[in-house]
Amino acid sequence: MSKTFYITTPIYYPNAKLHLGHAYTTIVCDILARAHKLQGDEVYFLTGADENTEKVVKAAKEAGKETKEYLDEIIKNFKDLFEKLEITNDQFIRTSDEKTHWPGVVEIWKRLEKSEDIEKRIYEGLYCVGHEAFVTEKDLVDGKCPDHNETPQLIKEENYFFKLSKYTNQIKEKIKNGELEIIPESRKNEILALLERGLEDVSFSRPADGMSVGVPVPGDPSQRVYVWGDALTNYISALGFGGDDELYKKFWPGVHVIGKDILRFHAAIWPGMLLSAGLPLPKKILVHGFITSGGKKMSKSLGNVIDPIFLIDTYGAEAVRYYLARHISPFEDGDITLESFKDAYNANLANGLGNLVSRVMKMTQDNTGGLKEEKIEKLEKEKISEEFFQYLEKFEINKACDFIWREISEMDKFIQENQPFKIVKTEKEKGQEMISSLVNRLYSVAQMLTPILPETSSKIKELIKQNKTPEKPLFARKD
Ligand code: MSP
């Protein structure tokens, strides 16, 4: 029986174009989604945009546009990028979508209220718009939020609070016993340490006059649901929770992939909300590091972003997927420069993979009739290495890639040491056997590449089917 697998990206703030950091999260999810499909699972993959935030209103104003017009344009831009990157999301949720998203937010609010976890209080604190969260003095450096380089606003207002503190122990227990798995271990420990200190209740609404977008609080339209309370709910509202919930029943709970900066929201606030609402917690939260550029988090506020479109136009989308999958460690920060990108491209795509395909295909085209159709069908059904999938299961995408590239170098080495192209001239049968075995191995490389470089994988399979050398190299060298 096929299993179901639900995977989500965070929903992105549409206050600027997406950069390589956002592309990273999305590509990681796409690789995992495709890998599960390859294993026969029924997959649902969600991504989207976090639109109910003042940042967006501000960005629209700065661009001299109406919020809606601004949003529609930038969302088109997001979708175009995802299409270019071959992202196979099943849905793109927009939290401004009153039909899809809002009923879920209303339903969850009502459930929190029913559990007596919502309470009105006066709140005074420092609010960082970059984080869309209250921060404390100790989070600041020289009075500014170091992540966003902004001075937080001092706010005093009446808000509804969510009694998150009440759930500290339950959340801790579920993370400890693995019911809610946090990967990697270091992030699990980080969140456990936070839980050890105890969670504080969180402000869960903002007065509507200070927040011009967002879902009105049920029964009190003078307030709107707090950005994160609203945003986190997307993971279930997208599946119809609060309305026609067929997908919800089928796919929830799922796996969230997030960056380390939003761990607390996902591993504390979100589980607290779900517990209060009487709903199952996510199965896993996979937490990745930051893509840095020049040693600093790539971010619009810091002005050091690399535009993925530039890389796609220069090197192709598959090269971007390759670099992010293999050369960024999923658990730590990884730096990227245009230089490191080009070097990796030339060494491992133009030379490594691209060259190997040309060499093997030239040998087989010149010296053999190619693989028989039945053989190809058999290869297509053959099980892909367990080891490869195990890496992906553990979220070690870079190691899964290393596994493939190890096979590529071993094949290179075999060709160099045994020179089948020479042997076939003197000992025809022996040489042909060697070549066929290389083609077989190339087919399994293509199989493993399916989730990572989907287009390259199909190209290689097609060449093998037609027993043809590529007309031009799969990856042209760049100088
Ligand atoms: N809107 C919230 C998420 C709500 S989810 C219910 C948000 N949006 S974001 O656009 O700022 O960031 C989205 C994701 O991109 C986060 O996981 C964040 O960690 C990731 N990245 C943003 N910059 C990044 C890098 N430089 N490197 C890697 N990922 C980073 O937070």
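Counting starts at 1 for both ligands and their atoms, following the listed order.
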Point to revise | Proximal atoms of ligand 1 relative to A231 (non-hydrogen, under 4.0 Å) | key: 6 (C)
Point to revise | Ring-face cation contact, Y315 with K342, 6.0 Å cut, 45° max | key: no
Check your understanding: Any heavy atom of W270 sitting closer than 4.0 Å to ligand 1?
Key -> no
Review point. Given E51, K260, H288, H22, which has its nearest heavy atom closest to atom 29 (N) of ligand 1?
Key: H288
Practice item. Check ligand 1 against K297 and write out every atom of the ligand that is under 4.0 Å from a heavy-atom position of the residue. Key: 23 (N), 24 (C), 26 (N)
Exercise for review: Could you list which atoms of ligand 1 come closer than 4.0 Å to a heavy atom of M298?
Suggested key: 23 (N), 25 (C), 26 (N)
Practice item. For ligand 1, note which part of H19 has a heavy atom under 4.0 Å away: side chain, backbone, both or neither. Key: side chain
Check your understanding: For atom 20 (C) of ligand 1, what's the nearest protein heavy atom and its distance?
Key -> T25 OG1, 4.0 Å
Review point. Hey, would you say the Y6 and Y235 ring centroids sit under 6.0 Å apart?
Key: no
Review point. Strictly under 6.0 Å, is that where the ring centroids of Y226 and F162 end up?
Key: no
Practice item. Specify the closest pair of heavy atoms between K163 and E116, including all atoms of both residues, with the distance to one decimal. Key: NZ-O, 3.1 Å
**Study point:** Test ring pair (Phe, Tyr, Trp, His ring centres under 6.0 Å) applied to Y44 and F5, Y248, F251, the passing residue
**Key:** F251
Check your understanding: Counting only heavy atoms not in E124, do more than 12 sit closer than 6.0 Å to its CD atom?
Key -> yes
**Study point:** Contact partition for W228 relative to ligand 1, non-hydrogen atoms under 4.0 Å
**Key:** side chain
Check your understanding: Short list, please: which atoms of ligand 1 are under 4.0 Å from a heavy atom of D261?
Key -> 18 (C), 19 (O)
Check your understanding: How long is the gap from CG on L239 to CG on D90, to the nearest 0.5 Å?
Key -> 10.0 Å
Exercise for review: Quick one: look up the protein heavy atom nearest atom 13 (C) of ligand 1 and list residue, atom name and how far away it is.
Suggested key: Y12 CD2, 3.5 Å
Review point. Of the protein's non-hydrogen atoms, which lies at the shortest distance from atom 3 (C) of ligand 1, and what is that distance?
Key: I11 O, 3.3 Å
Review point. Relative to ligand 1, is I291 under 4.0 angstrom through side chain, backbone, both or neither, heavy atoms considered?
Key: both
Check your understanding: Relative to the heavy atoms of D50, which atoms of ligand 1 are at a distance of less than 4.0 Å?
Key -> 1 (N), 2 (C), 4 (C)
Review point. In Å and rounded to the nearest 0.5 Å, what is the CZ to CG distance from R111 to D117?
Key: 13.0 Å
Study note, to complete from the structure: One finds that the ligand 1 atoms under 4.0 Å from a non-hydrogen atom of G259 are 17 (O), 19 (O)
Check your understanding: Which atoms of ligand 1 are found less than 4.0 Å from any heavy atom of G289?
Key -> 28 (C)
Check your understanding: Between F290, Y24, F265, Y235, which one has a non-hydrogen atom sitting closest to atom 6 (C) of ligand 1?
Key -> Y235
Check your understanding: Parallel under 30°, tilted from 30 to 60°, perpendicular over 60°: which one fits the rings of Y160 and W109?
Key -> perpendicular
Point to revise | For atom 16 (C) of ligand 1, the protein heavy atom that lies nearest, with its residue and separation | key: I262 CD1, 3.7 Å
Practice item. Please determine if R206 forms a cation-pi arrangement with Y127, meaning its NZ or CZ atom is less than 6.0 Å from the six-membered ring centre and no more than 45° off the ring axis. Key: yes
Practice item. Quickly, which of W405, Y345, F475, F341 forms a ring pair (Phe, Tyr, Trp, His ring centres under 6.0 Å) with Y322? Name it, please. Key: W405
Check your understanding: In the protein, which heavy atom is nearest to atom 9 (S) of ligand 1, and how far is it?
Key -> Y13 CD1, 3.7 Å
